[in-house]
2 protein chains.
Amino acid sequence: MSVGHTQVTASAEPVVSCGGEHEDCGIREVLDRIGDKWSVLVIVELAQGVRRFRQLQRAVPGISQRMLTLTVRRLERDGLVSRTVYPTVPPQVEYELTPTGHSLTHLVKALADWSAAHREGIAASRRAWDAAHPDAGIR
Amino acid sequence: MSVGHTQVTASAEPVVSCGGEHEDCGIREVLDRIGDKWSVLVIVELAQGVRRFRQLQRAVPGISQRMLTLTVRRLERDGLVSRTVYPTVPPQVEYELTPTGHSLTHLVKALADWSAAHREGIAASRRAWDAAHPDAGIR
DNA sequence: CAGCATCCCGGCCGATACTG
DNA sequence: CAGTATCGGCCGGGATGCTG
């Protein structure tokens, strides 16, 4: 953390101005789509390649089959994931990222990178804040 | 949308592999932090410069003062936003992005860009899916 | 102006049981 | 294996009212 003598003037260059408007950009739409508990994790796993239902569930620890179904269904509806059913017995279903879905992985990588870069500092900030505010309802 | 003859082999180059592990990267941590309903919007507004409480509330349409308080408190706790109180009367409080918070704006911009680029295609995919699945509990 | 306290509802998500 | 159906808890977040 080098937050000492940095002369970053945040207010100088507006990186995100929503195109000049103070409106909600499409940001909320993306977050409504991948901001839920499981979508990104499923996407990360599918970024590795084609996966079957059970494979996905094992790869994403803690997800219930219900949530996996819902998550993968929503991603399919949004055109981020393709679903292929092979009429075999027992049934076999394969999930794969579409080109659009694949383009999301770059975004996810950016998120992961940012997280890795600031995880420490944020954790420290939290500890400091919690120490300074013994009785806070925020946690 | 040019999703015609693209030969993007998603499974060829794993963009996000969490560093070789199939673990949860820090992605969920970022999303737990900015994936909520208001954080990004507040950040976007603060990216423009220093803002006071009321200013923020007016700039972010629809946010309640309760949620603005909680949001800004959490951001402060994580060290993304600084809070400066001027002991005047009436009280005056200024919020500003910290360097760490400012670094987030690049990420937010990436989100906005992706959203703008795929909004159309996703909406179309949804319409198609909904049409193909008249009675779906997913909506 | 800048908050905090309280009430309350909707939906996200987990657990469990059942089907083709 | 790959789902669907149902129930229920938790909590994010809106509405309202009160303080310094």
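Here is how names work: the chains are called A, B, and so on, in the same order as the sequence lines, proteins then strands, and each is numbered from 1. Computation of the quantities below employed the complete heavy-atom set of this structure, encompassing side-chain atoms and omitting hydrogens, waters and symmetry-equivalent molecules.
- B:F53 and B:V89 fall into different hydrophobic clusters, defined by Ile, Leu, Val, Met, Phe, Trp and Tyr side-chain heavy atoms under 4.5 Å apart, directly or through other members.
- Between A:K109 and A:D113 there is a salt bridge, since a side-chain N of the basic residue sits under 4.0 Å from a carboxylate O of the acidic one.
- Remark: A:R119 engages B:E29 in a salt bridge, criterion side-chain N to carboxylate O under 4.0 Å.
- At C:dG3, one or more side-chain N or O atoms of B:R73 fall inside 4.0 Å of OP1 or OP2 (strictly under the cut-off).
- Note: CD (B:Q57) to P (C:dA2) measures 10 Å, nearest angstrom.
- Between the side chains of A:R83 and A:Y95, at least one donor-acceptor pair of N or O atoms lies under 3.5 Å.
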Let's go through B:E94 and B:R51 carefully: what are the C-alpha distance in whole Å and the side-chain angles of both, what is the deciding distance for side chain to side chain contact (heavy atoms under 4.5 Å, CB included) to 0.1 Å, and is it a yes or a no? CA-CA 6 Å; B:E94 285 185 353; B:R51 292 290 186 273; over 6 Å; no

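- Looking only at distances, a side-chain donor or acceptor of B:T69 sits under 3.5 Å from a matching main-chain atom of B:Q65.
- The side-chain heavy atoms of B:T98 and B:V81, taken from C-beta on, include no pair separated by under 4.5 Å.
- Between the side chain of B:Q55 and the main chain of B:R52, a donor-acceptor pair closer than 3.5 Å is present.
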For DNA chain D, please output the secondary structure as dot-bracket, reading 5' to 3'. Pairs are Watson-Crick or G-U wobble, both atom distances under 3.5 Å; mark crossing pairs with [ ], other-strand partners with |, unpaired with a dot. ||||||||||||||||||||

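- C:dA2 atom P lies 13 Å from atom CZ of B:R51, rounded to whole Å.
- Protein chain A touches strand DNA chain D; the 5'-most and 3'-most nucleotides with an atom under 4.0 angstrom of its non-hydrogen atoms are D:dC1 to D:dT6.
- Between B:H102 and B:H106, the ring planes lie perpendicular to each other; the angle is over 60°, past the 30° to 60° tilted range.
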Any chance you could lay out the side chain to side chain contact (heavy atoms under 4.5 Å, CB included) test for B:V93 and B:T84, step after step, and finish with the verdict? CA-CA 6 Å; B:V93 180; B:T84 314; over 6 Å; no

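- Here B:Y95 lies in heavy-atom contact (under 4.0 Å) with sugar-phosphate atoms only.
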Quick tally for nucleotides 9-20 of chain C: nucleotides whose base has a protein heavy atom under 4.0 Å get B, sugar-phosphate-only ones S, the rest -, giving ----BBBBB--B

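- Atom P of nucleotide C:dG3 and atom CD of B:Q92 are separated by 11 Å, given to the nearest angstrom.
- Taken together through direct or relayed side-chain contacts under 4.5 Å among Ile, Leu, Val, Met, Phe, Trp and Tyr, A:V72 and A:Y86 form parts of separate hydrophobic clusters.
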